[in-house]
Number of protein chains: 2
Amino acid sequence: MDRFLSHFTHRFDAKGRVSIPAPFRQLLAKDGFEGVYAYPSLDQPALDCGGLKLLAEIDALLATMPPWSPARDAFATALLGTSEILRMDAEGRVSLDERLKAALGLSDVAVFVGQGHKFQIWEPSRFQAHLEESRLRVRGLRVKRGSEATV
Amino acid sequence: MDRFLSHFTHRFDAKGRVSIPAPFRQLLAKDGFEGVYAYPSLDQPALDCGGLKLLAEIDALLATMPPWSPARDAFATALLGTSEILRMDAEGRVSLDERLKAALGLSDVAVFVGQGHKFQIWEPSRFQAHLEESRLRVRGLRVKRGSEATV
DNA sequence: TGGGATAGCATGGGACCCCATGGGCGTCAA
DNA sequence: TTGACGCCCATGGGGTCCCATGCTATCCCA
């Protein structure tokens, strides 16, 4: 398996550490760097995470935009400028900044959500709300696509 | 046989495991991964299940959408984020989360329903109700098509 | 045609391992 | 000195693997 799938709920310990889900760690290990590349999600109160592969995808995306264009600058700022490198310990845990936790509304539990090429970290109740909204949107889009509604 | 057909009723054991019906297992084995890809059905209290082929269909759908677009995020969240990777043991059983069982209304028995490219897992009485409704809908559609006698 | 052998399959249960989580200790910087 | 952070070891529970049992349907042979 080569993408981030499924979802996991993990708890922060007294030191502010959380375990990255083991399946996700295995994926991250594949592109060989001992950490997590993360930046605040573009339009959600969540943290987008991934490995070197995600970073490469961002590069590819930026490459499709004209240099020095406002769009490219905006994407570069949002996806690269605000990013953080989270270091993992031997047990596969990372610790989040107090500032970052506050921004995401995190307290003692976090949800890890697979999204294929990346995964997200959410505060549980916020994610629940986001999930409802996403399902509604998907239902709507699926109807529009008509007969192609295989899924 | 290359499709999920027919339906089966199996029992959960004390550890929360159920046997995937043997005909379904044979199909899953064809695309060669020892597990089941599953996610909550979008508009039914059921679990949609399949193998790598089902996952590939979802990937293909996602690939048609621009990266970092709200639509793609919604699909990824609803179809990948809510998914579960159910590993099968040597006897072809999977175990369902207690939370997942609750969401589906499952207690000690589950119905496996073939749907061609995928199959579903239902709580028996809920499935019965769904079946009645489907029958009615089909009758209605058939009348509309004007081909009463043939079907 | 009928009865016994047999294989496939659903189900039960024990043992073990992975993994999430907790906590101690040293190091470095404020 | 103190608090934050990185590194190490400990532990307990859930999940996975492995072996066992009973049922049923099919096949084979008399």
Side-chain angles (χ1 to χ4, degrees), chain A residues 1 4-30 33-38 49 84-102 106-114 119 121-124 127, chain B residues 1 4-30 33-38 47 49 83-103 106-114 119 121-124:
Chain A
M1 201 135 41
F4 298 103
L5 294 175
S6 192
H7 56 106
F8 306 86
T9 301
H10 287 169
R11 160 174 304 277
F12 286 91
D13 66 13
K15 291 181 172 182
R17 300 173 295 186
V18 256
S19 294
I20 303 290
F24 292 1
R25 287 201 307 253
Q26 289 174 10
L27 246 68
L28 292 171
K30 275 190 185 165
F33 102 111
E34 289 298 319
V36 178
Y37 175 74
C49 306
E84 320 222 358
I85 305 296
L86 308 176
R87 246 194 294 271
M88 279 197 306
D89 66 13
E91 286 75 31
R93 292 175 291 195
V94 298
S95 42
L96 297 188
D97 228 65
E98 207 47 57
R99 188 167 35 244
L100 196 51
K101 283 183 68 175
L106 288 166
S107 56
D108 61 335
V109 172
V111 181
F112 295 77
V113 185
F119 66 92
I121 302 180
W122 283 83
E123 189 276 331
F127 174 66
Chain B
M1 181 164 63
F4 297 104
L5 295 174
S6 189
H7 60 102
F8 306 85
T9 302
H10 287 167
R11 162 174 303 277
F12 286 92
D13 67 13
K15 289 181 167 183
R17 298 175 296 186
V18 257
S19 293
I20 302 291
F24 292 1
R25 285 202 307 252
Q26 289 174 10
L27 245 68
L28 292 171
K30 277 189 185 166
F33 112 105
E34 289 298 318
V36 178
Y37 176 74
L47 196 64
C49 305
S83 69
E84 313 266 346
I85 306 299
L86 308 175
R87 244 203 293 267
M88 279 197 306
D89 64 14
E91 287 75 30
R93 291 174 293 193
V94 298
S95 47
L96 297 189
D97 225 68
E98 206 47 56
R99 194 166 17 249
L100 191 54
K101 283 183 67 176
L106 288 166
S107 56
D108 61 337
V109 171
V111 182
F112 295 77
V113 185
F119 65 93
I121 302 180
W122 284 81
E123 190 276 330

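Chain naming here is simple, since letters A, B, ... match the order of the sequence lines and numbering starts at 1 in each.
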Quiz item: Is any side-chain nitrogen or oxygen of B/Q26 closer than 4.0 Å to OP1 or OP2 of C/dC9?
Solution: yes

Practice problem: Mind calculating the distance between CZ (A/R25) and C1' (C/dC19) to the nearest angstrom? | Solution: 7 Å

Quiz item: Whole Å only: how far is the CD1 atom of B/I85 from the C1' atom of C/dC19?
Solution: 18 Å

Self-check item: Base-contact (B) and sugar-phosphate-only (S) positions in nucleotides 22-30 of chain C, heavy-atom cut-off under 4.0 Å, - elsewhere
Solution: BBBB-----

Quiz item: Does a side-chain heavy-atom distance below 4.5 Å link B/L28 with B/F4?
Solution: yes

Quiz item: With A/R11, which residues qualify under salt bridge (charged side-chain N to carboxylate O under 4.0 Å, His left out), at least two apart?
Solution: A/D108

Self-check item: Non-neighbouring partners of B/H10 that pass ring-ring contact (aromatic ring centres under 6.0 Å, His included), sequence neighbours left out
Solution: B/F112

Practice problem: Identify, with sequence neighbours excluded, every residue that meets ring-ring contact (aromatic ring centres under 6.0 Å, His included) alongside A/F33. | Solution: none

Quiz item: NA contact type, A/A90, heavy-atom cut-off 4.0 Å: base, sugar-phosphate, or nothing?
Solution: nothing

Self-check item: Heavy-atom side-chain contact between A/L5 and B/Y37 under 4.5 Å
Solution: yes

Quiz item: At what distance, to the nearest 0.5 angstrom, does OG of B/S95 lie from CZ of B/R17?
Solution: 8.0 Å

Quiz prompt | Sugar-phosphate, base or nothing in reach of A/E98, heavy atoms under 4.0 Å | solution = nothing

Quiz prompt | Boundaries of the DNA chain D segment in contact with chain B, non-hydrogen, under 4.0 Å | solution = D/dT16 to D/dC19

Quiz item: Mind checking what makes salt bridge (charged side-chain N to carboxylate O under 4.0 Å, His left out) contact with A/R93, not counting sequence neighbours?
Solution: A/D13, A/D89, A/E91

Practice problem: Working to the nearest 0.5 Å, report the span between CG of B/L100 and CD1 of B/I121. | Solution: 8.0 Å

